[in-house]
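Some notes on the structure that comes next.
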Amino acid sequence: MRELAQALMPHLMVAPVLLPLLAACLLMLVSERRHRTKATLGLLATAANLVVAVLLVFWVKAEDEPSAFGIYLPSNWDVPYGIALVLDRLSALMLVMTALVALMALLFALARWHKAGAHFHPLFQIQIMGLNGAFLTGDLFNLFVFFEVMLAASYGLLLHGSGPARVKAGLHYIAINLAASSLFLVGAALIYGISGTLNMADLAARLPEVADTDRALLHAGCAILGVAFLAKAALWPLNFWLVPAYASASAPSAAVFALLTKVGVYVLLRLSTLLFSDGAGESAGFGGAWLLWGGVATLAMGAIGMVSAQRPARLAGFAVIVSSGTLMAVFGLARPEVTAGALYYLPVSTFAVAAFFLLTELMDRSRQSEGMREQAPEDEEDHLPFSMAELELAQGTNLDEDEVPLVGRAIPAATALLGLAFIACTLLLAGLPPFSGFIAKFAMLSAMLDAPAVAPVSWLIMAAIITSGLLALLALSRTGIRFFWAPVDRPAPVLRVVEYLPIALLIGLCVLFTVSAEAVMRYTSATAAALYQPRLYIDAVMGARPLPTPTNADRLGVPVPGGVR
Amino acid sequence: MEIVLAVAIGVLTTCGVWLMLRPRTYQVIMGLALLGYGVNLFIFSMGRLSVDSEPIMVAGFPPTFEFYDDPMPQALVLTAIVIGFAMTALFLVVMLAQRGFSGNDHVDGQEDAE
C-alpha cells in the first residue's frame with residue numbers, strides 16, 4: 001500500500017477531484033434509461049474514490065514527520081500565485097470519511113432512489129468532487145469555487161424525487177446558501193484587498209506583518225468569511241434552514257448532506273488554526289471565543305431540538321446540529337489534546353448520523369402506504385404531539401380477556417434487524433458505551449480534565465456534552481418505543497439486503513473505530529499537533545517549487561530541461 | 001470615483017438585502033441578484049480603482065501598481081459572475097416549481113393568515 005501510494009504521488013493527490021469529475025461526465029453520456037450501466041459506473045467511481053482516499057492516508061502516515069504535506073501545483077505556477085492543492089493528515093482523514101459515507105449512500109440509493117429522478121448519478125459524483133476539492137484546496141478563492149460546486153450538486157440532490165415539501169425546503173436552502181456565498185465573496189475580497197493574497201499559507205505568513213491601521217479591516221473580512229462557514233456548519237442561530245431541508249431530502253442525499261456541515265467545520269478548524277495561531281501577533285486567537293460560545297449554544301439548541309422532534313428524519317437533522325455544535329465548541333478551546341479527541345468524534349458522529357438518516361427512511365417506509373413512499377413527508381406541525389393517534393389500538397386488535405396484547409408473538413426478523421440498527425445508532429449518537437461514540441466523548445472530556453486547573457468554560461462544555469447525550473438518549477428511546485414497541489398490527493417491513501447493508505456497514509465502521517481506537521487516536525493526535533503548529537503548513541506550501549519547464553527555467557535559475565530552447 | 005462606486009455598492013446591497021427579506025419569491029430572487037451585483041462591484045473595487053492603467057505588463061514601465069491595475073480581482077469577479085448567474089437561474093427554476101406546487105408565490109407556499 002505504502003509503496004504504491006509513494007509511487008503514485010504526487011499525481012494521486014489530484015485524483016479525488018478529477019476522478020469524480022470524469023465519472024460525472026461519463027455518466028452524463030449514458031442514457032437515463034440504462035440504470036444498470038449507470039449504477040455500475042457510479043459504484044465503480046465511488047469505490048475507486050475510496051481506494052484513492054485510503055492510499056492518500058497511507059501516504060500521509062508513511063512520513064515520520066508530525067505532519068507530512070503533499071503539495072500539488074495544478075498549473076505549475078509559483079506558489080503564492082497559482083492554485084495549490086495541499087494534502088495533510090486532516091485533509092486525508094476528511095477524504096476517507098467522505099469516500100466511505102458516499103459509497104454507503106450510493107449503495108443505499110441503488111435499491112430504488114437512483115431511479116426516482118433524472119441525473120442522480122452525475123449529481124452524486126459532482127457532490128463528491130466538490131467535497132474532495134474543498135478538503136484539498138489551499139486557496140481561498142478556489143475554496144469558494146469548490147463550495148459552489150458542492151452546493152450546486154446538493155441543490156440537485158435535495159430536490160431529487162421532487163414533491164412540494166422538497167421544493168419548499170429547497171427554495172429556502174438555496175436562498176440561504178446564495179446569501180452565504182455572497183458573504184464568502186465579500187470576506188475573501190476584503191482579505192485580498194488588504195493582504196494581497198488568497199493563498200492560505202501565504203496569508204498566514206503575512207498576517208503578523210499587516211499594518212495596525214489595516215488590521216481591523218482584515219479582521220472584519222475574516223469575520224464575514226467566517227459567518228459564511230458558520231452558516232454552512234449550522235451554528236445557532238444560522239441553522240434554521242438545516243432541519244427542514246435535511247429531513248425532506250431523500251435518505252441517500254441526506255446521508256451525504258451530513259458531510260456538508262463537516263466542510264464548514266473543517267474550514268473553520270483549518271483557518272482558525274492556520275491564521276490565528278499564537279504566532280499571529282495581535283491576531284492570535286481571533287474568533288475563538290465566538291466559536292466556543294456559538295458552539296455551546298448550537299449544542300444546547302440541537303439537543304433541545306432533538307427532544308422536540310417527532311419524525312425520525314427531523315431527529316437526525318438535529319443530531320447533525322448537535323454534532324457540529326460539539327465540534328465547534330471544542331475547536332473554540334484551541335487545545336491540541338482536546339482537538340485530537342474531537343477529530344476522533346468527527347468521523348464517528350458523521351457515520352452515525354449518516355446511518356441514522358438511512359435508517360429513518362426504512363422506519364418511515366414501514367408505516368406508509370406504497371404511493372406515499374417516494375414523496376417527502378409534509379411538515380409535522382399539524383400532527384398531534386408524539387403522534388398520539390398512532391398509539392391508539394385499532395378496533396380489531398386481538399386482545400384476549402386479560403387485555404394482554406399478543407404476549408409471546410415473535411417479532412418479525414426484519415423489525416428485529418431494524419431495531420438492532422436503531423439501538424446501535426442510539427448508543428452512538430448518545431455516546432454510550434460500548435461503541436465509539438462513548439470513546440469519542442470520553443477522549444474529549446478526559447483531555448479537558450487533564451489540566452492543572454480546569455477552566456470554568458471547560459466545565460460548561462463538559463456539562464453541555466453530557467447533557468446533550470442524555471437528551472439524545474431520551475429522544476431516541478422515545479422514538480424507538482413508538483416505532484418498535486407500540487404498534488401492534490403493523491405488517492413486518494420489507495427489508496432489502498442492499499438497503500440494510502450500508503447501514504450495517506456504517507455501524508460496523510463505528511465498531512471498527514472502537515476496536516482500533518488507539519491507532520485512530522494516535523493519528524488524530526498527530527493531526528491536532530500539526531494543526532497547532534501552522535509554521536509546518538506554511539513552510540511546506542511556500543517551499544513547494546514548480547517543475548522546471550522551458551518557460552520558467554530562467555526565473556527559477558535552473559538549466560532549461562531538454563537542452564537548447 | 002470612489003464615492004460614486006461606494007454609493008452604488010451600498011445602494012445595491014441595501015436594496016438586495018431588503019428585497020431578500022420580503023415574502024414573495026420574485027422579490028427574493030431580485031434581491032439575490034442585486035446583492036450579487038453589489039458583491040461583484042465590491043470585489044472589483046478591492047483591486048483599487050484606477051483609470052487608464054494596463055492590467056498586463058507592457059514594455060517601458062516598471063512593474064508596480066503605480067503603473068498597472070491589479071488583474072486578479074477582475075479574474076475573481078468574472079468567476080463570481082458566472083457562478084452567481086448559474087445559481088440565480090437554478091433558483092428561478094425552483095421558484096417556478098414552488099409556484100406550480102403551491103399555486104402562489106409566497107416563499108412558504110402559503111399566504112400569511114390575515
Side-chain angles (χ1 to χ4, degrees), chain A residues 80-81 83 139-142 144-149 151-156 158-159 162-199 217 221 224 228 244 375-376 378-379 381-382, chain B residues 9 12-13 16-17 19-22 25 27-29 31-49 65 70-73 75-77 79-84 86-103 105-110:
Chain A
Y81 304 113
I83 288 167
D139 181 278
L140 273 184
F141 201 79
N142 193 227
F144 168 72
V145 174
F146 278 122
F147 243 68
E148 289 301 315
V149 169
L151 289 174
S154 78
Y155 303 151
L158 174 60
L159 295 169
S162 197
R166 281 193 193 115
V167 170
K168 184 179 149 191
L171 193 81
H172 298 177
Y173 178 71
I174 297 176
I176 297 272
N177 277 309
L178 286 181
S181 296
S182 300
L183 287 178
F184 193 145
L185 282 174
V186 171
L190 257 178
I191 290 175
Y192 178 77
I194 289 159
S195 67
T197 185
L198 285 167
N199 185 296
L217 210 51
I224 293 174
Q375 289 180 4
E378 295 293 325
D379 273 351
E381 285 156 17
D382 46 351
Chain B
I9 295 172
L12 281 171
T13 311
V17 170
L19 279 174
M20 223 165 57
L21 299 174
R22 303 295 298 158
T25 48
Q27 291 166 321
V28 173
I29 196 169
L32 284 169
L34 288 184
L35 187 67
Y37 296 143
V39 170
N40 288 342
L41 280 179
F42 181 81
I43 301 175
F44 190 68
S45 70
M46 276 297 123
R48 306 296 186 269
L49 300 175
F65 278 133
D70 188 352
M72 185 76 163
L76 301 186
V77 88
T79 317
I81 289 171
V82 173
I83 292 179
M87 293 301 153
T88 313
L90 184 79
F91 189 76
L92 192 67
V93 175
V94 179
M95 189 181 114
L96 288 174
Q98 158 96 339
R99 184 172 166 89
F101 276 120
S102 65
D105 64 348
H106 195 278
V107 285
D108 286 334
Q110 54 194 15

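Each chain gets a letter, A, B and so on, in the order its sequence line appears, and its residues count up from 1. Quantities reported herein were computed from a predicted structural model and do not represent experimental measurements.
- Looking at Met87(B), the atoms closer than 4.5 Å to chain A (heavy atoms on both sides) sit in the backbone and in the side chain alike.
- When Leu35(B), Val107(B), Val17(B) are compared by the number of non-hydrogen pairs under 4.5 Å with chain A, Val107(B) comes out ahead.
- With rounding to the nearest 0.5 angstrom, the CG atom of Leu171(A) is 9.5 Å from the CG atom of Leu159(A).
- Taken from CE in Met72(B) to OG1 in Thr197(A), the straight-line distance is 7.5 Å, to the nearest 0.5 Å.
- With Gln27(B) contributing its side chain and Leu21(B) its backbone, the two residues share no donor-acceptor pair below 3.5 Å.
- Between Phe144(A) and Phe141(A), the gap from one ring centroid to the other is short of 6.0 Å.
- Heavy-atom pairs under 4.5 Å with chain B were tallied for Leu190(A), Val145(A), Asn177(A), Leu183(A); the largest tally goes to Leu190(A).
- For Ile83(B), the part sitting under 4.5 Å from any heavy atom of chain A is the side chain, from C-beta outward, and nothing else.
- Every side chain to side chain contact (heavy atoms under 4.5 Å, CB included) that Asp105(B) has, sequence neighbours left out, goes to Arg24(B), Thr25(B), Arg99(B).
- If you measure heavy-atom distances from Leu151(A) to chain B, you find no contacts under 4.5 Å at all.
- Considering only heavy-atom pairs separated by less than 4.5 Å from chain A, the leading option among Val28(B), Asp70(B), Leu76(B), Asn40(B) is Leu76(B).
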